[in-house]
Amino acid sequence: MPETIVKPRTKVRPKTKQPPLYKVILLNDDYTPREFVVQVLKAVFRMNEDQAYRVMMTAHQRGACVIAVYTRDVAETKAKEATELGKSKGYPLFFTTEPEE
Ligand code: TYC
């Protein structure tokens, strides 16, 4: 009987799945001053004045605006941090997260 030759597997499939991403969404309200919203966007989401102003105005006019997309942990931490900044000044400013489709 001839020997069976077993060929070792040489191709390895990489198991590098991308982590699911989450959107951070800014919600409009009637009380938080525009300038304060801009300040929070700059501080927490590292936007410049121009970007922050546009995002604030989009939320102001449409009710909500997607700010950025991060991994779940980062998205939730930033949303909480930004919401807390508003709360500390007595504003109802609110940031939420949602999985990206
Ligand atoms: N609507 C607020 C005002 O007129 C400003 C504002 C904008 C608040 C965007 C929240 O996400 C927001 N003072």
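The shown structure was predicted, so the numbers you read here are calculated from the model rather than taken from an experiment. Order of appearance sets the numbers: ligands from 1, and atoms from 1 within every ligand.
Hydrophobic clustering (ILVMFWY, side-chain heavy atoms < 4.5 Å, transitive): I25 and V69 are in distinct clusters.
The ligand atoms of ligand 1 that sit less than 4.0 angstrom from a heavy atom of L27 are 10 (C), 11 (O), 12 (C). Which parts of ligand 1 touch T32 is read off a 4.0 Å heavy-atom cut-off, strictly below it: atoms 2 (C), 3 (C), 5 (C), 6 (C), 8 (C), 13 (N). Set against the non-hydrogen atoms of A59, the atoms of ligand 1 under 4.0 Å away are 9 (C), 11 (O).
Side-chain heavy-atom separations under 4.5 angstrom define the hydrophobic clusters, and V6 shares its cluster with no other residue. When hydrophobic side chains of Ile, Leu, Val, Met, Phe, Trp and Tyr are connected at separations under 4.5 Å, M47 ends up clustered with V24, L26, F36, V37, V38, V40, L41, V44, F45, Y53, V55, M56, M57, I67, Y70, V74, L85, Y91, L93, F95.
Geometrically, ligand 1 and Y31 share no nitrogen or oxygen pair separated by less than 3.5 Å.
Counting heavy atoms under 4.0 Å from ligand 1, residue V37 touches it through the side chain alone.
Nearest heavy-atom pair, T97 versus A75, reported as atom, atom and distance to 0.1 Å: CG2-O, 3.5 Å.
For N48, the CG atom sits in a packed shell: over 12 heavy atoms of surrounding residues, nucleotides or ligands are nearer than 6.0 Å.
When the options V55, D30, V40, D29 are ranked by their closest heavy atom to atom 2 (C) of ligand 1, first place goes to D29. Among L26, N28, T58, the residue whose heavy atom lies closest to atom 8 (C) of ligand 1 is N28.
The CD atom of Q51 lies 12.5 Å from the CZ atom of R46; values are rounded to the nearest 0.5 Å.
Closest protein heavy atom to atom 4 (O) of ligand 1: H60 CE1, 3.1 Å.
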